Every structure is written in structure tokens, then in C-alpha cells.
Amino acid sequence: MKLTVVGGGSTYTPELIDGFARLRAVLPIEEFWLVDPDPERLRLVGGMSQRMFRAAGHPGRIVPTPDLVAGVADADVVLLQLRVGGQAARHGDETWPHECGCIGQETTGPGGFAKALRTVPVVLRVAEEVRRHAKPDAWIVDFTNPVGIVTRALLQEGHRAVGLCNVAIGFQRRFAGMLGLEPAQVELGHVGLNHLTWERSVLVRDGDGTRDVLPELLGERLEQLAGEVELPASLLRLLGDVPSYYLRYYYAHDEVLREQRDAPTRAEAVQRVERELLELYGDPAVDTKPEQLAQRGGAFYSEAAVDLIASLTGDRGDVQVVNLRNDGTLPFLPDDHVIEVPATVDARGVTARPVDPLPADHAALVAHVAGYERLALDAAVHGGRDRVRRAMLAHPLVGQYDRAERLTDLLIAHNREHLAWA
Ligand code: G6P
Ligand code: MN
């Protein structure tokens, strides 16, 4: 099997390599290609990856290359983890919205919109090369944010794509840990849009059947659960479920904004960690995943990738949380919208499992953000200031016309070099 990572020079890549090395019985990879436009990153991350494979006794070949076409040629799976504009553009996403009293975040709100505008055209160009040069039945696994919008862009163009995020697998691992169970014994009632999800049940296999232990967890572990998503325990009790950490940007918007105004941005923090990591990756004595990597947000992301690819290529038919077409799963959204729910994964692809009806408040927020996402994708694909204004106004964290106008100006001013139409 040939697996290609586009954005392979990311400091996250050794996380993937570690997962692929540890789990090689599940997923035998012969060739692992890393594609990146940055030669220095390729040298450092490529070298580190080769040492890690060797140290783990993995027989696979790692090939770093700046050549996208050679990288994706005859690939079975192409994993997208690119970041247009790097951490510098992210720093912008995390700061300019403050001028209008909005939180700054790379996937949520005006900053997430800017990232979508920068990213969708690049991802679609990469995907065209995959279509032309990879194996005809190759899968695209998208980790590139904003995953919901990017995955929909890919599906709309007829690509064989599945979107993936580590939020769900993180919850599954944490719940399993609290319950003293293996992760595979825990199935999440995870529902919503990427980075806008709630855990509405925690099913545990019990004898012949399954039992929802979320009510018990919300009783016995309420403070811990609330602490992990940094939301008030009383909110979790009120909702009767566990919102993801990203819901904090909605439920605690003004509090987050206050915190952000006094703190360095996440982009700055990540840049610091990245400098340390790249130094270690350049050290020929280092051949295992450095502990500093745990300071990035990607916990378990290699496991999620291994699980998904193993089931798509090995026809396992197990249940995993992915980003996929709605097709009636959430009846209040269009069929072609991309949602994040548990799905059966086999060689034919991903099929959403049925989802219990959402309460009115959850459904309303999902529908509102989905409306914004549709307008945002339209703006990303077709460009134009008016499309940006329309999508900006539609975002629930923006909502007011004068603010949408100012945010549109700021977004364009900060991203001009990445927007072909601006
Ligand atoms: C989580 C999210 C990812 C996001 C990452 C950011 O893993 O699910 O979508 O890219 O955090 O991590 P970072 O270390 O870049 O802040
Ligand atoms: Mn994510």
C-alpha cells in the first residue's frame, strides 16, 4: 500500500509515523510519501520519520518529495493535512476578529471563515492531481481544517473523500479511561458538525446488549468532564450531554474573548513548540516521538487515521466517527451537507448510523452554522466580496450587518495574498 501525506512537512507527521509504526499489523504500509513545498521541513521531518520507522523495525520506505504529482502517483490513500499560510496566517485568524468584538479562532467564527477561503481552492487543486494520478479507487482522508467545509468541497467535486477530526476519538479514549474499559467497548453518540458537536450518549457493551452510561458519568464525573471542556458543570447538567471544547466559543464567547485579549495566540505558542520539535527532528540521535509533540492538539490523531484507513482498505465494517454526507441523517439539513457522526466504515466507504432526533437548541445551532458553512463554501469556490459578506453575516457569532461589513474588510486585508479574486 502506498500512503501519501500532503503537508507531510508538518511537525505533526511523526505523530502519524508513530501510529503507523505501532499499528503496522492493522495497516501494512509499504510506501509512505511525504509531500511538502518546504525543502527544509521535508529534510527534517523526512529524516526523523525514516529514523522512527527504522527504530521500530518497520520495513516501509519513506519518501519525502516537493513534487505533488510524483507523491500522489499510484497512491492508495492520500491524507491531507496542509495549512495554507502557515502559523502566520493562523495568528491573523486568531487576532483580527478581536477588532470587532469576536473571538479569534482558526476553525470557528470569522477566523475559521478566512481559513476556509484560503484553503478550499488549494485542496481542490491537490485533489485534481489525486484524481489524475492516484489509483482510481484511492481514498482522500481530509484532516485539513475547517474539515466540514473542506470535505464538502471535495465531495461536491466527486472525490472519494472522508473528513476526520480527533475530537471524537479523544472523548472515546477519555470515557473508556474513566470506565476502565478498552476504547473499542465504548461507542459514542457523537453528533453535529465538525467542531460543533455534543456527546449525547456513551454506549457500553454489556453482556448481549448495550447500555448508555452517560447519565452515570454526568453524575459521578460531572466536574471532571466539565473541566475538560472548560464549561460550567451546571451547563452540562442542563443540557444532559457533553459539548465539545469548541462549543466554548459559543456558550462562553465573551469569556473566551476576554481571555484571548490578554494572552499570546495559539499560533504563537505552536510556533514555539514547532521550533523545539524541528530542532529535535534534526538530531540524528532522536528516533522516537518527542514528548513535546503532546503539546500540540493532535492527541490520538494517528490512531483515528490508522483506524479509518484500515477499515476503508481492509473492509472491516466497524463504527467510527467521521465527516460525511448527511443524506437524511439530520433531517433538518440538506442531503449534501457534511455532518460529523458515527458511521460504518468498509470498502464501499462510510455510511452514517441513525441518529436520535436532536433537541431544538442543538438542532437550531447546527442549522445556523450549516447555513453559514454553505455560504462560506460558495464564497471559497467562487470568490467575491459580496459572497464573503453574505457568509460572514450568516455566522451566528457575527450576526449584525455593520460588524459583518467590518469583518469582511479585515478578512480581505489580512488574506489578500491567499485570495486569487481579492
Ligand atoms: C485539535 C483539532 C484539530 C486542530 C488541532 C489544533 O486536534 O481537532 O482540528 O487542528 O486541535 O492543534 P494545535 O496544536 O495546532 O493548536
Ligand atoms: Mn479537528
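None of the values given here were measured: they were computed from a predicted structure.
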Engineer: Contact between Ser244 and His190 at the side-chain level, heavy atoms closer than 4.5 Å - yes or no?
Structural biologist: no
Engineer: Could you tell me whether Asp74 and Lys135 have a side-chain N and a carboxylate O separated by less than 4.0 Å?
Structural biologist: no
Engineer: Taking the side chain as every heavy atom from C-beta outward, state whether Tyr249 and Thr107 have any pair of such atoms under 4.5 Å apart.
Structural biologist: no
Engineer: Residues in side-chain contact (heavy atoms from CB on, under 4.5 Å) with Trp33, at least two apart?
Structural biologist: Lys2, Thr4, Glu31, Arg61, Val63, Thr65, Ala70
Engineer: Using the rule given for side chain to side chain donor-acceptor pair (under 3.5 Å), can you reason through Thr408 versus Arg385, listing the C-alpha separation, both sets of side-chain angles and the distance that settles it, and then say yes or no?
Structural biologist: CA-CA 8 Å; Thr408 298; Arg385 202 189 133 79; 5.7 Å; no
Engineer: Parallel, tilted or perpendicular: which one describes the rings of His195 and Tyr246, with boundaries at 30° and 60°?
Structural biologist: parallel
Engineer: Does Arg125 have any side-chain contact (heavy atoms from CB on, under 4.5 Å) partners at least two apart in sequence or in another chain, and if so, which?
Structural biologist: Pro121, Val122
Engineer: According to the salt bridge (Lys or Arg N to Asp or Glu O under 4.0 Å) rule, which pairs have a member within residues 164-179, sequence neighbours left out?
Structural biologist: Arg173-Glu303, Arg174-Glu228
Engineer: Please identify each residue that fulfils side-chain hydrogen bond (donor to acceptor under 3.5 Å, both in side chains) with Ser311, with sequence neighbours left out.
Structural biologist: Arg316, Asp318, Gln320
Engineer: Looking at residues at least two apart in the chain, or sitting in another chain, which of them share a ring-ring contact (aromatic ring centres under 6.0 Å, His included) with His418?
Structural biologist: none
Engineer: Which heavy-atom pair separates Ile103 from Pro110 by the least distance, and what is that distance?
Structural biologist: O-CD, 4.3 Å
Engineer: Using a 3.5 Å cut-off and no angle test, enumerate the donor-acceptor pairs between side-chain atoms of residues 363-373 and protein atoms at least two apart in sequence or in another chain.
Structural biologist:
unit_1	atom_1	unit_2	atom_2	d
His368	NE2	Ala394	O	3.1
Glu373	OE1	His337	NE2	2.7

Engineer: Going by atom types alone, do Asp93 and His414 pair a side-chain donor with an acceptor below 3.5 Å?
Structural biologist: no
Engineer: Thinking salt bridges, do Glu268 and Arg90 make one under a 4.0 Å N-O criterion?
Structural biologist: no
Engineer: Quick one, Leu217 and Leu179 - any side-chain contact, counting heavy atoms below 4.5 Å?
Structural biologist: yes
Engineer: Check whether any side-chain heavy atom of Gln87 sits under 4.5 Å from a side-chain heavy atom of His91, and report yes or no.
Structural biologist: no
Engineer: According to side-chain hydrogen bond (donor to acceptor under 3.5 Å, both in side chains), who are the partners of Glu220, at least two apart in sequence or on a separate chain?
Structural biologist: none
Engineer: Check whether any side-chain heavy atom of Arg200 sits under 4.5 Å from a side-chain heavy atom of Leu358, and report yes or no.
Structural biologist: yes
Engineer: Mind checking side-chain contact (heavy atoms from CB on, under 4.5 Å) for Asp336 and listing every partner two or more places apart, or none if nothing turns up?
Structural biologist: Arg152, Arg325, Pro334, Arg374
Engineer: Could you tell me which residues satisfy side-chain hydrogen bond (donor to acceptor under 3.5 Å, both in side chains) with Gln295, sequence neighbours excluded, listed by chain and number?
Structural biologist: none
Engineer: Do you know which two heavy atoms are closest between Asp335 and Gly328, and how far apart they sit?
Structural biologist: OD1-N, 3.1 Å
Engineer: Can you tell whether the side chains of Arg406 and Asp409 come within less than 4.0 Å, N to carboxylate O?
Structural biologist: no
Engineer: Is the closest basic N to carboxylate O distance between Glu255 and Arg248 below 4.0 Å?
Structural biologist: yes
Engineer: Could you report the tightest heavy-atom contact between Leu277 and Pro290, atom names first, then the distance?
Structural biologist: CD2-CG, 4.0 Å
Engineer: Just to verify, what does Tyr245 make a ring-ring contact (aromatic ring centres under 6.0 Å, His included) with, not counting sequence neighbours?
Structural biologist: none
Engineer: Kindly write out the residues that satisfy side-chain contact (heavy atoms from CB on, under 4.5 Å) with Arg131, not counting sequence neighbours, or none if the list is empty.
Structural biologist: Glu128, Glu157, His159
Engineer: Thinking salt bridges, do Arg118 and Glu417 make one under a 4.0 Å N-O criterion?
Structural biologist: no
Engineer: By side-chain hydrogen bond (donor to acceptor under 3.5 Å, both in side chains), which residues pair with Arg266, not counting sequence neighbours?
Structural biologist: none
Engineer: Is a side-chain N or O of Thr119 found less than 3.5 angstrom from the main chain of Ala116, in a donor-acceptor match?
Structural biologist: no
Engineer: Taking the side chain as every heavy atom from C-beta outward, state whether Leu154 and Val123 have any pair of such atoms under 4.5 Å apart.
Structural biologist: yes
Engineer: Report, as yes or no, whether the 6.0 Å neighbourhood of atom CZ on Arg390 holds more than 12 heavy atoms from other residues, nucleotides or ligands.
Structural biologist: no
